[in-house]
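Have a look at the structure below, then the notes.
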Amino acid sequence: MSGLDFEIQLLAVVVSVACALPGVFLVLRRMALLSDAISHSILLGIVLAFFWVQDLNSPILILAAAATGLLMVAMVEALHATRRVKEDAAIALVFPALFSLAVLLISRYAGNVHLDVDAVLLGEIAFAPFRRLEVGGHDLGPRSLWMMGGILALNLLFLMAFYKELKVSTFDAGLAAAMGFSPVLIQYAFMGLVSVTAVGAFDAVGSILVVALMIAPPASARLLTDRLPLMIGLSALLAAVSAVSGFWIARGLDASIAGSMATAAGLVFLLSMLLAPDRGVVASLLRRRRQKVSFARLMLTIHLLNHEHSPAAAEENRLGHLSAHLRWSPDFARQVADRAERDGFLDRGEGDRLHLTPLGREAARHFMTR
Amino acid sequence: MLEALQVFLFDYTFRTVALGAAALGAVAGALGCFAVLRRQSLLGDAIAHAALPGIGLAFLLTGSRATPVLVLGAALAGWIGTLAVMGIVRGARLPEDTALGIVLSVFFGFGLVILTFVQRLPLASQAGLETFLWGQAATLMAADVQMIIIVGAGALALLALFWKEFKVLTFDGAFAASLGVPVRRVEFLLTSLLVVAIVLGLQTVGVVLMSALVVAPAAAARQWVDSLGLMVLLAAGLGALAGVVGVGFSSAGSGIPTGPVIVLVASAIVGISLLAAPGRGLLAEVVRQRRVGRRIRADAVLADLYALAMQHEDRRYGHPVATLRAMRRGEVGIERSLETLGEQGWARELRPGSWGLTPEGEKRARTRFLDPDEEPS
């Protein structure tokens with residue numbers, strides 16, 4: 001692995017983790033799509049600030065971009081507050097307009113500088129290591145690594161300093177207000193953080209894939225745990241895994257790194273959705289299946305109890321009869337009977353007669369008198 | 001100016017492209033109404049982004065860049081994206097916005113991976129796939145426009161055919177189910193029509209911004225009318241307008257992507273509608289509030305005049321404005337309220353600066369503020 005590859009992967013991991021941290025709260029606060037809206041809107045701030053300072057590396061660009069992100073959120077809220085459009089429509093109206101304006105300005109007035117519309121969508125993580133940060137002739141590494149590292153540190157600091165406020169306002173906004181935290185202040189501080197993070201990540205992976213990095217790892221983590229601290233840790237871990245595996249997918253296929261990172265994040269989510277221990281699709285199917293057999297086992301004991309000692313018992317309490325009486329397929333009937341026998345609820349008699357054990361009788365009575 | 005107009009009206013290429021953009025805007029506007037009313041404005045965004053890998057894969061698999069092939073691929077991918085959103089919401093029990101965000105960004109990322117393969121092909125025919133990102137109306141051929149019109153007309157015909165079902169589903173899904181409407185299937189059809197409207201526009205407007213053309217005309221039309229039928233017609237008209245004007249602007253300058261221009265025109269239409277629509281418009285609201293405020297202030301002065309008249313032997317006696325102002329605690333605009341009362345014939349300026357109640361004013365004050373049958377003491 002060359003130094004270049006290492007630097008790209010390191011940057012990919014830093015970007016992904018920096019995005020995943022605020023992403024946790026975006027997912028929990030049901031504001032996932034505001035990340036989409038913010039990551040599009042910040043382009044207008046970048047473009048306008050670029051026209052002003054004529055320098056793509058100026059920190060003013062970041063400030064202007066973050067300000068546009070907040071402006072967009074304020075515009076959405078104002079539009080929603082007029083009660084003329086619903087909130088989802090307000091989002092869908094505001095950010096395309098700001099983004100269109102930005103793209104138009106770029107293609108009209110900045111087409112020949114280093115700010116083109118493809119970079120807006122794709123980012124340039126593969127080229128990031130070529131832009132070095134040099135201080136007094138010493139090479140300190142890629143410039144964007146320093147910037148994203150700073151943003152990651154900022155996110156960590158914010159999370160540690162305002163963990164309690166974020167947590168309470170996310171899960172119980174009313175309680176947060178009653179405890180004296182201003183929900184509006186927290187909301188805008190958090191949105192500002194999302195905007196700054198999006199600006200930094202934008203440079204590396206483009207405006208749309210930022211959304212994948214912010215939403216997919218926290219959504220995967222959400223499926224794996226119900227505890228917030230664990231969810232934050234898992235989000236960061238899965239983000240890093242997506243970044244590194246995305247890089248190697250891209251290397252293997254010789255494809256876009258940013259696109260592969262998003263694809264890897266999607267695959268991680270798909271795996272979590274299928275295999276999560278409690279909320280996963282496979283786990284739910286197994287649980288449902290288990291519940292079905294367990295319920296059927298109880299049905300069987302009740303059926304046997306009903307006909308026990310009755311003249312019809314010889315006819316009713318046979319494995320072969322269950323298909324007719326309980327409308328079970330012969331396979332399912334055998335499976336249920338096996339399960340009940342294993343659990344000590346019944347014994348097999350001669351032929352396919354089924355006899356309740358004292359334990360099975362007890363279970364059936366207990367259920368019916370419950 | 002006239003010359004430019006002539007070019008616009010008679011230039012064959014421009015007419016073709018404008019016709020396509022208009023048809024597209026009309027279809028997107030009409031179907032967008034249902035997305036907006038059902039609070040699915042952002043589903044369109046997810047569908048449009050999810051269509052990208054479909055375009056790339058259709059090209060890789062068939063080697064053809066004929067528009068119908070690519071649009072079919074886009075439709076399939078957009079449709080799978082919709083199913084994925086539903087699958088995540090139902091299967092993983094995550095909120096819908098999270099599901100939309102994941103599908104939108106992951107499908108798009110995958111699409112970019114596919115596009116890097118496409119770009120590596122040694123074919124000259126690969127050129128043009130990037131137009132699907134930002135939209136380039138200039139690439140519309142007569143055959144493309146024909147396809148937009150035929151497929152769009154088919155979608156609108158289905159909309160007309162299932163109008164009643166779509167309408168009841170949009171406003172009251174539970175009621176629809178109780179009527180025996182197969183809700184799942186109707187929902188599926190409506191969403192499929194939305195997918196069709198979106199993929200038709202990808203070549204002209206691009207995957208990044210197509211959702212705005214779905215939402216904006218509908219949101220604008222909603223401000224002007226209160227009936228679904230009128231809203232759909234108006235949204236179709238406004239969508240067509242945005243398409244034609246947007247194409248006009250973008251063909252005026254070279255190298256301007258069409259998508260952003262159309263979206264900006266559509267956004268301007270929304271802005272105008274929000275401000276100027278009668279009834280729901282914000283300006284109408286301001287006018288209404290001012291009128292109500294004026295009436296309340298005039299009523300307050302009328303009440304004061306009545307109180308003064310009741311304490312005076314001569315009920316028609318003129319009272320100085322200064323007295324009235326003092327009774328309103330120095331509030332400004334007493335003169336304006338008095339003028340309003342004068343216009344109504346409820347008060348009269350008897351001497352300069354002195355106003356008295358007219359018989360009509362006294363009657364009005366009594367019916368408005370007191371029991372009308374009660375005689376003044």
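As the structure is a computational prediction, the values presented were derived from the model and not from experiment. Chain identifiers are assigned alphabetically (A, B, ...) following the order of the sequence lines, protein sequences preceding nucleic acid strands; residue numbering begins at 1 within each chain.
Heavy atoms closer than 4.5 Å to chain A are found in both the backbone and the side chain of B:V113. With a 4.5 Å cut-off on non-hydrogen atoms, A:V27 touches chain B through its backbone and its side chain both. Contact annotation for B:Q40: only backbone heavy atoms (N, CA, C, O) come within less than 4.5 Å of a heavy atom of chain A. Residue A:D88 touches chain B through both its backbone and its side chain, counting heavy-atom pairs closer than 4.5 Å. Residue contact with chain A, scored on non-hydrogen atoms closer than 4.5 Å, involves the side chain of B:T116 exclusively. Using a 4.5 Å cut-off between heavy atoms, B:I262 does not touch chain A at all. Interface remark: A:M31 contributes backbone atoms only to the contact with chain B (heavy atom separation under 4.5 Å).
Taking the ring axis of A:F269 as reference, the NZ or CZ atom of A:R222 does not stay both within 45° of it and closer than 6.0 Å to the ring centre.
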Between A:R84 and B:E285, does the salt bridge (Lys or Arg N to Asp or Glu O under 4.0 Å) criterion hold? Intermediate values first, please. CA-CA 11 Å; A:R84 298 314 193 264; B:E285 173 86 18; 3.3 Å; yes
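B:F249 is not listed as a side-chain neighbour of B:T258, based on a closest heavy-atom distance of 4.5 Å or more. Between A:L271 and A:L267 there is no side-chain heavy-atom pair separated by less than 4.5 Å.
Between A:H40 and A:F95, the two ring planes are tilted [angle within 30° to 60°].
Rounded to the nearest 0.5 angstrom, B:F110 CZ and B:S105 OG are separated by 14.0 Å.
Note on B:A84, B:P260, B:G87: by heavy-atom pairs under 4.5 Å with chain A, the leading option is B:P260. When A:L101, A:V85, A:T82 are compared by the number of non-hydrogen pairs under 4.5 Å with chain B, A:L101 comes out ahead. The residue among B:D45, B:V214, B:V36 with the most heavy atom pairs within less than 4.5 Å of chain A is B:D45. Annotation: maximal heavy-atom pairing with chain A below 4.5 Å, among B:L104, B:I114, B:V261, occurs at B:L104. When the candidates A:L274, A:I257, A:L93, A:I91 are compared by the number of heavy-atom contacts under 4.5 Å with chain B, A:L93 comes out ahead.
A:A221 and A:M231 get closest at one heavy-atom pair: CB-O, 3.6 Å.
No side-chain N or O of B:T170 forms a donor-acceptor pair with one of B:R38 less than 3.5 Å apart.
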